[in-house]
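Taking it in order: structure first as structure tokens, then the write-up.
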Amino acid sequence: MEDFLSQLNEVQRKAVETTDGPVLIIAGAGSGKTRTLTYRIAYLVKSKRALPSQILAVTFTNKAAREMKERLTALLGDQVIPLWIGTFHSVCARILRTEADKIGLSRSFTIYDTDDSVRAIRKLLSNKGLSPQKYNPKIVHSKISRLKNQFRLPQDILEDEPQDEYDQVVAEVYQEYQNFLRKNHALDFDDLLIRPIEVFDNYPEIRKKYIQKFKYILVDEYQDTNHAQYLLLKRLVNEQKNLCVVGDEDQSIYGWRGADIKNILNFNRDFPKAAVFKLEENYRSHNNILKAANAVVKNNQSRLGKSLWTKKKDGPKINILMASDELDEAKKVVEIIHDEMYTHKRSFKDIAILYRTNAQSRALEDQFRKNAISYNIVGGVKFYDRKEIKDLLAYLKVLVNPADSVSLRRIINFPLRGIGDTTVTKIERFAEMEKITLFEALGQVENIANISAAMGNRVIQFYELMKKFMDLSDKLGTVELVSTLATETGIIHHYQTEYDQYESESRIANIRELFASIDHFTIEREKEGRDSSLASFLEEVSLLTDVDTWNSSSNAVTLMTLHAAKGLEFPVVCITGLEMGLMPLQRSTADLDELEEERRLFYVGMTRAMESLYLTYATKRRRYNSSIINEPSLFLDEIPPELIEYRAQTQKTRTSSKRSKSSARREKIEAYFHNEDDQTNQGDEFRVGQPVYHETFGKGQIIQLEGHGDKMKITVHFFKDKINKKLIKKFANLSPLEN
DNA sequence: CAGCTGTATCTTTTT
DNA sequence: GATACAGCTG
């Protein structure tokens with residue numbers, strides 16, 4: 001035991017040994033967080049405080065879960081198998097699947113992804129006769145999702161009597177949407193979190209079972225948990241409050257999807273007498289990188305505050321490169337890669353290129369292909385989001401859960417079998433009237449008025465085909481079932497004939513890859529003695545994250561968003577697109593909270609780098625049709641100049657232009673940010689109490705002013721959402737209203 | 001009435 | 001620069 005713990009530093013070791021009661025570990029970037037968590041679990045088992053089956057560990061991605069389990073297996077052997085480890089969503093799905101019978105939920109429920117949910121909402125809106133222009137299904141969906149994450153149920157909201165028409169519609173659609181999901185035996189991502197909370201509240205004996213089961217709970221990336229996840233933990237944690245959370249408020253980057261940074265900031269209040277440990281020694285990055293990152297994040301106000309330090313040497317300076325446009329930027333990235341490879345003997349896999357938006361990958365990909373640089377792209381169009389895969393999965397979802405009408409609609413006329421929209425609508429109406437599912441209605445198509453015998457025949461054929469496979473699903477192995485299905489439904493044939501050779505081959509290859517992954521899944525699950533059914537495969541697939549599908553062992557440069565990079569590290573990191581409007585993103589520049597989140601995102605990116613960090617920006621960038629001229633990101637200006645080396649030009653011209661380029665850039669930023677004198681209407685335009693109007697938030701009233709000129713921060717109370725927002729004058733676009 | 005073709009609208013990040 | 005939807009055609 002001594003020996004085992006000797007691999008930790010003093011704080012880490014204390015965090016591991018403080019097993020009972022609430023524990024908060026503030027773990028800075030690269031401070032050995034995963035190591036600490038892993039050793040904590042191992043320690044709980046080795047010291048006989050808990051059996052592996054009595055421990056629940058929640059990670060942010062499935063990949064992190066898998067890696068942690070591997071490390072634990074190395075420390076403890078096969079006994080770790082019964083340990084519960086996974087993301088919030090997968091753990092919740094597992095609980096719901098287990099308890100389904102007792103809580104009136106179909107055991108074979110389907111999980112709807114965002115796309116499915118938006119489809120459903122679009123339909124509900126059009127049923128109400130509302131135009132998608134006025135009520136954008138995506139926006140309605142995100143509002144509903146937000147409400148769910150806050151654990152606000154439809155009835156509560158309707159009782160509250162929404163203020164404006166839009167909110168009223170959202171509340172109504174929210175309720176209808178929940179009914180729709182229930183009818184379809186479907187849960188969306190948010191339901192996965194909410195339903196267990198309801199179950200625990202309505203079935204105390206079920207809650208008790210889990211409280212007793214999980215003697216110790218550990219949560220990673222606690223700064224990115226939302227309110228629903230918080231409520232869930234509150235219900236799951238036992239009398240002794242054996243809850244250990246690990247997080248870093250400086251790396252909270254999911255506020256936009258409902259993550260509540262207060263969860264970590266207020267942990268002490270929620271769980272009194274929590275032991276707090278701060279891991280501040282960074283084992284990852286060269287000192288220059290760390291100093292730069294610290295200097296940037298220091299500009300944020302909402303943080304607990306910590307100072308990361310390292311014993312490592314300074315290392316090279318941070319390289320900043322200016323490019324003329326995204327093409328030039330991509331070429332410079334290629335230069336960086338070559339340079340790192342030849343002068344520092346790096347291989348492709350040592351290098352990661354990060355960006356704010358997925359769209360930025362295109363220019364990079366083109367250049368990489370031209371220069372024979374192998375790359376792996378994480379995220380973007382995901383494997384399981386490809387059309388051919390989604391179609392095949394939709395078939396499987398219907399087999400497992402015939403009530404799933406969203407999936408059924410997707411496949412009823414794919415491949416084309418002459419059952420068009422009009423016919424489907426008729427069948428849908430019939431199903432509605434008879435109070436049966438869409439699938440059941442297919443079987444009774446002869447009873448539906450206005451459907452010709454010929455059409456009815458096509459419908460019946462499809463119905464019988466699906467029936468046949470439902471029967472087969474018990475008899476065949478999953479892979480056999482799926483491959484037979486792909487052939488007999490004509491999907492394979494469709495992709496063989498409908499596309500050019502290149503596309504056809506790649507789509508068929510993807511389908512084969514799906515077979516292989518089903519096979520792999522089945523074997524893995526059987527080895528663990530867990531559910532290996534088709535339903536469980538579909539669940540796993542629905543809950544995969546971007547990084548989960550990343551093959552990190554292949555020798556290729558990694559391209560991904562800054563969000564996806566969380567938790568990872570690379571010897572060489574290059575962050576691209578460091579321009580105003582892109583990083584920080586245009587719509588996040590005005591709101592101080594959002595600007596701080598963008599800064600944290602940049603901080604996360606910087607701290608991924610172990611040895612070399614490159615930052616690039618383009619003065620001009622194409623964005624769909626037109627080119628836009630951008631200033632360099634304000635975050636660049638927050639890095640202390642002595643840590644920076646500008647590489648504005650290629651090797652030859654560098655020495656001559658270095659000075660001028662850097663000072664020119666500097667002047668530009670100065671002009672952009674700090675020039676307060678040339679304000680045209682500076683002064684008494686805004687005052688406390690002033691009524692103002694904002695494009696998105698509507699009417700509000702100024703309650704506080706700080707600073708002056710462009711940098712002035714204006715706190716406004718917006719009436720509609722009853723919220724206060726701190727905005728930066730320069731970007732906020734606030735117009736004063738007359739009283 | 002199914003299926004094809006042209007146009008409008010997006011893209012911030014994701015479980 | 002793709003995708004979804006409306007409108008047209010056969």
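Considering only the side chain of Arg458(A), dA2(B) comes nearest among dT14(B), dG1(C), dA2(B). For His89(A), the side-chain atoms get nearest to dT15(B) when compared with the rest of dT15(B), dA4(C), dT14(B). Closest approach to the Arg122(A) side chain among dT15(B), dC5(C), dC1(B) is made by dC5(C) (side chain taken as heavy atoms from C-beta onward).
As judged by a 4.0 angstrom heavy-atom cut-off over every strand, Leu193(A) is placed among residues making no nucleic acid contact. Contacts of Lys138(A) with the nucleic acid, taken as non-hydrogen atoms under 4.0 Å apart, involve only primed sugar atoms and P, OP1 or OP2. Counting any heavy atom pair closer than 4.0 Å across all strands shown, Asp421(A) reaches sugar-phosphate atoms only and no base atom. Contact annotation for Arg119(A): no contact, since no heavy-atom pair falls under 4.0 Å across all strands. Nucleic acid contact class of Thr423(A) (heavy atoms, under 4.0 Å, all strands): sugar-phosphate only. At the heavy-atom level, Asp190(A) lies nowhere under 4.0 Å from the strands shown.
Look at Lys426(A) and you'll find a side-chain N or O under 4.0 angstrom from OP1 or OP2 of dC1(B). Residue Asn413(A) has a polar side-chain atom (N or O) positioned under 4.0 Å from OP1 or OP2 of dG3(B). Of the side-chain N and O atoms in Thr561(A), one or more sit less than 4.0 angstrom from OP1 or OP2 of dT14(B). In this model, the phosphate group of dT12(B) is not approached by any side-chain N or O of Arg257(A) to a distance below 4.0 Å at OP1 or OP2. The side chain of Asn358(A) places no N or O atom within less than 4.0 Å of a non-bridging phosphate oxygen (OP1 or OP2) of dT12(B).
Toward the 5′ end of DNA chain B lies the nearest nucleotide of Leu416(A), the other residue of the pair Leu585(A) and Leu416(A) mapping further downstream. Position along DNA chain B of the nearest nucleotide to Phe189(A) versus Val424(A) favours Val424(A) as the more 5'-ward residue.
The pair Asp421(A)-Arg409(A) meets the salt-bridge criterion, with a side-chain N (NZ, NE, NH1 or NH2) lying under 4.0 Å from an Asp/Glu carboxylate O. Using a 4.0 Å cut-off between charged side-chain N and carboxylate O, Arg195(A) and Glu198(A) make a salt bridge. The residues Arg507(A) and Asp391(A) are annotated as not salt-bridged, no charged nitrogen and carboxylate oxygen being separated by less than 4.0 angstrom. A salt bridge links Lys123(A) with Glu428(A); the closest basic N to acidic carboxylate O contact falls under 4.0 Å. Using a 4.0 Å cut-off between a side-chain N of Lys or Arg and a carboxylate O of Asp or Glu, Asp115(A) and Arg119(A) qualify as a salt bridge.
One interatomic measurement links the two molecules: CG of Asp115(A) to P of dC5(C), which rounds to 10 Å at whole-angstrom precision. Distance Asp188(A) CG to dT14(B) P: 18 Å, rounded to the nearest Å. Residue His141(A) contributes atom NE2, which lies 15 Å from atom P of dT14(B) at whole-angstrom precision. Rounded to an integer number of Å, the gap from Asn136(A) CG to dT9(B) C1' is 10 Å. Distance CG (Leu559(A)) to C1' (dT13(B)): 16 Å, rounded to an integer number of Å. A straight line from CG of Leu582(A) to C1' of dT13(B) spans 12 Å, rounded to a whole angstrom. Phe462(A) places its CZ atom 15 Å from the P atom of dA2(B), with the value rounded to the nearest Å. The interatomic distance linking Asp224(A) (CG) with dT14(B) (C1') rounds to 11 Å, in whole Å.
The base of dT15(B) lies outside donor-acceptor range of the side chain of Thr61(A), with no N or O pair under 3.5 Å. Side-chain to base pairing of Arg356(A) with dT13(B): one donor and one acceptor N or O lie within less than 3.5 Å of each other.
Taking the six-membered ring wherever Trp is involved, the centroid distance between the rings of Tyr112(A) and Tyr177(A) does not fall below 6.0 Å.
Looking at Ser361(A) and Tyr355(A), their side chains come closer than 4.5 Å, going by heavy atoms from C-beta outward.
In this structure, Phe88(A) forms no aromatic stack with the base of dT15(B), since the conditions of centre separation below 5.5 Å and plane angle below 30° are not both met.
Distance noted for atom P between dT13(B) and dA4(C): 16 Å (whole Å).
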